[in-house]
Amino acid sequence: MSRLSGRVAIITGGARGQGASHAERLAREGAKVITGDVLDDAGEATAAQLRGEGLDVTYRHLDVTEPADWAAAVSSADRLDVLVNNAGIIHVNPLVEETLEAWNGLLAVNVTGTLLGMQAAIPALQRAGGGSIVNVASIFGVTGSEGYVAYTASKAAIIAMTKTAALEHAVDKIRVNAICPGGVSTPMNEDEPEGGVVPLTPLGRRAHVSEISGAVTYLASDDASFVTGTELIIDGGYLAR
Ligand SMILES: NC(=O)c1ccc[n+]([C@@H]2O[C@H](COP(=O)([O-])OP(=O)(O)OC[C@H]3O[C@@H](n4cnc5c(N)ncnc54)[C@H](O)[C@@H]3O)[C@@H](O)[C@H]2O)c1
């Protein structure tokens, strides 16, 4: 398990949930990992726990909507090989009840945060001679879902931005891919009524975070050396219907 030894990765939303799991998995594969989040206490605690297991994980405050935070995070690393744009937020509002404030707030984190991350990371990835960006979209970027107009718009945008970035930076040997998880058990959906997407998921359950981290690790590593501009669906069969 050393597919990422010598590599440096930044993972946003790394304080908890999927981001914390991705940090652990990439570090177990040998990467030096920098996690960023706005939940500083949880972020520090997660990184400290992983360091206690012998993993090279450090936390820093990184609000993905703040260009200055991005600049500081990238310049804190001696080099950069992998960026996982994982931070994201969600809310439920029927389309006609969606407020401009809620819409703008969600797009600022999910879409603008992903753009700013790629803009900050790409020069460092170029200096490293190439690298891998993994953008976290969702099955809700591929299909509609009632009540999630802002979230579906944001995740569809992430898939589209991923393809454009892949085209623009193939020449730099920077691969850019998206993942589209289905339901995953994390704090994001613990309050979801009636099991959320589970009744529509052929495998009949949510994913464990580690099942998503395997895909992120694959895309980050040289095992995916010919994979760019794609969206990898990890959904227990949800979209097969
Ligand atoms: N949980 C699911 O079922 C599911 C399914 C598909 C996709 N996703 C996506 O997976 C990603 C991870 O979500 P999760 O399920 O681990 O949920 P989560 O809520 O546990 O984690 C999201 C993390 O992003 C952080 N974050 C929010 N705003 C931020 C900001 N401005 N700057 C930096 N960090 C910020 C949060 O503090 C949190 O730690 C998200 O992009 C989410 O949209 C989740």
Side-chain angles (χ1 to χ4, degrees), residues 10-25 34-47 59-70 72-73 83-92 102 104-117 120 133-143 145 148 150-159 161-162 178-201 203 205-213 215-216 219 231-236 238-239:
I10 293 178
I11 303 176
T12 65
R16 68 181 194 192
Q18 294 178 67
S21 172
H22 303 338
E24 175 179 358
R25 185 66 185 272
I34 300 163
T35 57
D37 208 295
V38 290
L39 300 177
D40 294 332
D41 291 346
E44 295 282 9
T46 298
Y59 173 80
R60 56 177 303 126
H61 179 85
L62 168 55
D63 180 339
V64 297
T65 67
E66 291 294 337
D69 286 3
W70 273 113
L83 169 66
V84 184
N85 274 317
N86 165 79
I89 58 174
I90 196 167
H91 64 255
V92 182
N104 285 338
L106 189 145
L107 294 187
V109 175
N110 294 11
V111 180
T112 309
T114 299
L115 173 72
L116 293 175
I133 298 175
V134 182
N135 293 327
V136 178
S138 166
I139 52 172
F140 286 0
V142 180
T143 188
S145 186
Y148 292 92
Y151 189 76
T152 52
S154 76
K155 294 303 188 180
I158 289 171
I159 294 170
M161 293 157 67
T162 295
I179 60 165
C180 297
V184 189
S185 292
T186 70
M188 177 174 276
N189 59 21
E190 64 195 359
D191 298 330
E192 228 171 33
E194 297 161 26
V197 298
V198 171
L200 297 170
T201 300
L203 289 183
R205 61 176 175 86
R206 290 199 178 96
H208 185 269
V209 287
S210 62
E211 294 175 288
I212 311 303
S213 299
V216 170
L219 289 171
E231 63 273 29
L232 177 54
I233 291 163
I234 314 150
D235 70 347
Y238 181 96
L239 290 175

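All heavy atoms count here, side chains included; hydrogens, waters and symmetry mates do not. One-based numbering, in listed order, for ligands and for the atoms of each. For the single chain, residues carry numbers from 1 onward in sequence order.
For ligand 1, residues of the protein lying within 4.0 angstrom by heavy-atom distance are Gly13, Arg16, Gly17, Gln18, Asp37, Val38, Leu39, Leu62, Asp63, Val64, Asn86, Ala87, Gly88, Ile89, Val109, Val136, Ala137, Ser138, Tyr151, Lys155, Pro181, Gly182, Gly183, Val184, Thr186, Pro187, Met188, Asn189.
Classification of the Tyr151-Phe140 ring pair by plane angle, with boundaries at 30° and 60°, yields perpendicular.
Glu44 is linked by a salt bridge (Lys or Arg N to Asp or Glu O under 4.0 Å) to nothing, counting only residues two or more places apart in sequence or in another chain.
Counting heavy atoms from C-beta outward, Ile89 and Asn110 have side chains that approach closer than 4.5 Å. Contact annotation: the side chain of Val38 approaches that of His61 to within less than 4.5 Å [non-hydrogen atoms, C-beta and beyond]. In this structure, the side chains of Ile234 and Ile179 come closer than 4.5 Å at one or more pairs of heavy atoms.
For the 3.5 Å distance criterion, the side chains of Thr152 and Ser145 fail to qualify, holding no donor opposite an acceptor.
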